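Okay, so here's the structure we're looking at.
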Amino acid sequence: MIRSMDKVVALCKRRGFIFQNSEIYGGQNGFWDYGPLGTELKRNVRDAWYHDMVQAHNELLTPAGAPSPFQMVGLESAIIMHPQVWKCSGHYDLFHDMMVDCHECKGRFRQDHLPSTPCPLKPSRTVGQHTSCRLTEPREFNLMFKTILGALGTEDDAAFLRPETAQGIFVNFRNVVDSTRVRLPFGICQVGKSFRNEITPRNFTFRSREFEQMEIEFFCRPDQSRDWYTYWRDRRYNWYLGLGISLDRLILRDHHADELAHYSVGTADIEYAFPFLDAGQYGELEGIAHRGDFDLRSHMEGKLAKNAAGELEVEKLPDGRPKYRGSGKDLSYFDDQTRERFVPHVIEPSAGADRGTLAFLCEAYHEDQQPDDKGELQERVLMKFHPRLAPVKAAVFPLIKKEGMPEQAMAIYGEMRAAGLSCQFDQQAAIGKRYRRQDEIGTPFCITVDGDTAQDKCVTLRDRDTLQQERIPVARIVDEVTMRLKS
RNA sequence: GCGGCUGUGGUGUAGUGGUAACACAUCAGCUUCCCAAGCUUAGGAUGCGGGUUCGAUUCCCGCCAGCCGCUCCA
């Protein structure tokens, strides 16, 4: 089967899943818009995540593989936060380097590392020392989007659009603990937009400058954090499989020790074999990181860094003051069972909503051959979305446009919509063409009123993948479709 | 940010220094009792801006976007 990225991209445009942002003005690199069907699809991805992680979670039971019962709650923090948040989180330094480029060797270097960076063309000297080096002036390299607060604001009022939703959770940790009766272990979940000035936006929506994250910060006792890390890693991996991602295209990859961020004890990526990658290559959908107590401590004490002994301590200026002061607020947790006070450790499953949506689109794309009305095989394009994710759940047709069939079909269509099912009504063109139209947007079920419906009060229910038809009583059709969507 | 290639209706293609063709899709009507049927209609394109030229979609320059390779991906 051919699963080229070009075909997925063309279908996304043709059927209204994803459009280039500001297309009528020539487009805007790194930004994408979701059309009517893409909006439904992405909403279903988000809803499935929030439902499965938060709404359907029963804190009274111990899920399979979990060390204990736990609670899950939601949060929605603002995109713009106090600039100090990003200084203590480490983003400000990491996202705000002064860089110089060399026109000769085409290299890019951090200005503060120049004295110790060997020239790529003459490694015996450092960058800039060789006569042929042609360096640009140091330039600010802003990986965070900067904005100005206040109508009369100046550079002193600079703030940043968040590069991740996680920090909104950490800075609200105290608020959630104080207001909701949650007790360790528990998770705080958030879905929302984040912004990063990616150097090279590429590969359709995969690397965008505005993107949506679905993040969990799971707080637990330090001595249980490794078990929770394993639990969340496996649970999140299985979440994608349960929504139809195939086992041969999804991998769980544990990071090597040298790949880990400075604060992390362990990190795993859930990666998908996107069609735009070479065989054997995978793109990240979600990262599950063991972050220890780095984040809460940073927001208490100030930005942390590893000392010579490899321990985290507050990063100091030459004069001994903290480089970035923390909030000074106590973000520790008191366990009244064990009478212990400690800073919780954090497991962070951080998923990309747009990347997940793209993976579901790529996974759904299929071409097959099905016989037409003369029995000759014809090409068919179909999107095999999981029923939970399909943007349109069912379509309702009159077999032909007369003899009262449209009226009966309209009545059923009205019932479906009233039941909250996303569906379409179509009486345009031949029945086969209407089936194919629905196949191409991934509608799992088609309901057809025919000449017998008036007598036997039944309609046919046609399955997208098998093309099988079954007669179902009109009175039961909403329940029947609802039931099949859940299976 | 660098280098290479590319840019024609919604999609996929054709073509030309004299303002554009085809297929599919879309719309309207007829027809049609179950898988892209047929007939008749309709709308719709040379990415943007300059330059050369009597005339540019075609040649040149700049920009924008996309693809590939670097770089980047905390």
Side-chain angles (χ1 to χ4, degrees), chain A residues 4-7 9-16 19-32 35 86 89-97 99-110 120 136 139 141 143-144 163-164 196-204 206-209 211 259-264 269 276 278 283-284 287 289 369-382 397-403 405 427-440 446-454 459-464 466-469 471:
Chain A
S4 79
M5 198 60 204
D6 290 347
K7 292 188 176 185
V9 173
L11 185 140
C12 283
K13 173 82 190 292
R14 178 156 38 92
R15 290 303 186 187
F19 305 127
Q20 190 171 25
N21 172 265
S22 308
E23 191 184 19
I24 62 170
Y25 286 107
Q28 187 70 206
N29 181 241
F31 297 89
W32 299 89
W86 307 112
S89 71
H91 289 86
Y92 184 82
D93 287 347
L94 283 163
F95 274 57
H96 197 259
D97 297 322
M99 307 290 282
V100 296
D101 291 337
C102 177
H103 291 302
E104 182 64 25
C105 67
K106 307 297 184 194
R108 167 171 294 152
F109 314 95
R110 278 178 62 163
T136 61
R139 288 180 291 192
F141 209 68
L143 263 37
M144 282 195 288
E164 64 171 33
R196 297 180 195 179
N197 265 317
E198 297 285 357
I199 312 299
T200 313
R202 201 168 281 193
N203 288 331
F204 204 29
F206 183 78
R207 179 163 291 145
S208 300
R209 289 183 166 141
F211 59 101
E259 277 184 281
L260 298 178
H262 51 291
Y263 48 76
S264 184
D269 282 346
F276 52 75
D278 292 334
E284 181 181 348
Q369 295 198 318
Q370 296 296 344
D372 61 15
D373 60 340
K374 296 177 191 66
E376 292 175 24
L377 288 177
Q378 299 288 343
E379 282 287 318
R380 178 173 79 135
V381 173
L382 74 158
F397 310 140
L399 185 57
I400 57 170
K401 220 185 320 185
K402 54 185 181 186
E403 295 170 24
M405 291 180 219
Q427 58 180 358
Q428 195 68 242
I431 188 71
K433 187 174 236 175
R434 284 176 267 165
Y435 286 143
R436 299 298 170 86
R437 275 203 276 251
Q438 296 300 326
D439 291 339
E440 202 179 12
C446 292
I447 296 161
T448 303
V449 170
D450 60 26
D452 297 333
T453 301
V459 289
T460 57
L461 183 62
R462 177 254 197 194
D463 183 278
R464 174 194 68 200
T466 65
L467 281 67
Q468 295 299 307
Q469 287 175 290
R471 280 196 90 72

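Each chain gets a letter, A, B and so on, in the order the sequences are listed, and its residues count up from 1. Only heavy atoms go into these numbers, but all of them, side chains included; no hydrogens, no water, no symmetry mates. If you're wondering where the values come from, they're calculated on a predicted model, not measured in any experiment.
Put simply, the side chain of A/Gln469 and the base of B/C34 share a donor and an acceptor less than 3.5 Å apart. On a pure distance criterion of 3.5 Å, no polar donor-acceptor pair joins the side chain of A/Arg380 and the base of B/C35. Taking 3.5 Å as the limit, the base of B/G69 and the side chain of A/Arg202 contain a donor-acceptor pair of atoms between them.
Remark: B/U32 base-pairs with no nucleotide; criterion is Watson-Crick or G-U wobble with both hydrogen-bond distances under 3.5 Å. Nucleotide B/C67 has B/G4 as its partner under the Watson-Crick or G-U criteria, with both atom distances under 3.5 Å. With a cut-off of 3.5 Å on both pairing distances, B/A37 has no Watson-Crick or G-U wobble partner at all. The base-pairing partner of B/C59, taking Watson-Crick or G-U wobble contacts with both distances under 3.5 Å, is B/G51. Base pairing analysis places B/C22 opposite B/G12; the two distances defining the Watson-Crick or G-U wobble pair are each below 3.5 Å. As the counterpart of B/G43, no nucleotide is assigned, since no Watson-Crick or G-U wobble pattern has both distances under 3.5 Å.
In this structure, the side chain of A/Asp6 does not engage the main chain of A/Val9 through any donor-acceptor pair within 3.5 Å. Here the side chain of A/Arg434 pairs a donor or acceptor atom with the backbone of A/Pro398 at under 3.5 angstrom.
Annotation: of the two residues near RNA chain B, A/Arg15 and A/Lys402, the 5′-most nearest-nucleotide partner is A/Arg15. Residue A/Asp6 is the one, among A/Asp439 and A/Asp6, whose nearest nucleotide of RNA chain B lies closer to the 5' end (criterion: closest heavy atom).
Comparing the P positions of B/G62 and B/G44 gives an interatomic distance of 35 Å, to the nearest angstrom. Taking atom P in both B/C72 and B/U13, one finds a spacing of 34 Å when rounded to whole Å. Comparing the C1' positions of B/U58 and B/G1 gives a spacing of 32 Å, expressed to the nearest Å. Spacing of P atoms, B/U6 relative to B/G43, comes out at 35 Å, to the nearest Å. B/C67 sits 39 Å from B/C54 when the C1' atoms are compared, rounded to a whole Å. Taking the C1' atoms as reference points, B/G15 lies 11 Å from B/U46, given to the whole Å. Rounded to the nearest Å, the gap between the C1' atom of B/C27 and that of B/C35 is 23 Å. Taking atom C1' on both B/A45 and B/A21, the two are 12 Å apart, rounded to the nearest angstrom.
As a whole-Å value, the separation of A/Phe19 CZ from B/G66 P is 16 Å. Distance A/Arg434 CZ to B/U32 P: 13 Å, rounded to the nearest Å. Atom CZ in A/Arg471 sits about 15 Å away from atom P in B/C33, given to the nearest Å. In this structure, CE of A/Met405 is placed 10 Å from P of B/C34, rounded to the nearest angstrom. The CZ-C1' distance, from A/Arg14 to B/A36, rounds to 12 Å in whole Å. Distance, A/Glu440 CD to B/U26 C1': 12 Å, rounded to whole Å. Here B/C24 presents its C1' atom at 13 Å from CD of A/Glu379, a figure rounded to the nearest Å. For A/Gln20 and B/U6, the CD to P distance is 19 Å, given to the nearest whole Å.
Counting heavy atoms from C-beta outward, A/Thr448 and A/Tyr435 have side chains that approach closer than 4.5 Å. Here the side chains of A/His91 and A/Leu143 are not in contact, with every heavy-atom distance at 4.5 Å or above. Looking at A/Glu440 and A/Leu11, their side chains come closer than 4.5 Å, going by heavy atoms from C-beta outward.
Listed nucleotides: B/A36, B/U31, B/C33. Nearest to the side chain of A/Gln378: B/A36. Of the candidates B/U32, B/C33, B/A36, B/U32 carries the atom nearest the A/Lys401 side chain, counting heavy atoms from C-beta on. Of all nucleotides listed (B/C70, B/C35, B/C33), B/C70 comes nearest to the side chain of A/Thr200. Closest to the side chain of A/Trp32, out of B/A25, B/G66, B/C35, is B/G66. Across B/C68, B/C35, B/A36, the shortest atom-to-atom separation from the side chain of A/Tyr435 is found for B/C35.
Looking at heavy-atom distances under 4.0 Å, A/Glu284 makes no contact with the nucleic acid at all. Within 4.0 Å of A/Phe204, counting heavy atoms only, lie sugar-phosphate atoms of the nucleic acid but no base atom. A/Asp463 comes within 4.0 angstrom of nothing in the nucleic acid, heavy atoms only. Using a 4.0 Å heavy-atom distance criterion, A/Ala430 is classed as a base contact. Among the heavy atoms of the strands lying under 4.0 Å from A/Arg437 are primed sugar atoms or P, OP1, OP2 only; no base atom is included.
When the side-chain nitrogen and oxygen atoms of A/Lys433 are compared with OP1 and OP2 of B/A25, one or more of them lie within a distance under 4.0 Å. The side chain of A/Asn203 contributes an N or O atom lying less than 4.0 Å from OP1 or OP2 of B/C68. Residue A/Lys13 places none of its side-chain N or O atoms closer than 4.0 Å to OP1 or OP2 of B/G10. Within the 4.0 Å cut-off from OP1 or OP2 of B/C64, not a single side-chain nitrogen or oxygen of A/Asn29 is found.
For the residue pair A/Gln438 and A/Phe397, the shortest heavy atom distance occurs at CG-CZ, 3.7 Å. Across all non-hydrogen atoms, the minimal contact from A/Arg462 to A/Leu467 is NH2-CG, 3.9 Å.
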Could you walk me through whether A/Phe206 and A/Phe276 satisfy the ring-ring contact (aromatic ring centres under 6.0 Å, His included) test, starting with their C-alpha distance in whole Å, then the side-chain angles of each, then the deciding distance to 0.1 Å, before giving a yes or no? CA-CA 10 Å; A/Phe206 183 78; A/Phe276 52 75; 5.6 Å; yes
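Side chain to side chain, A/Gln369 and A/Glu379 meet the donor-acceptor criterion of an N or O pair below 3.5 Å.
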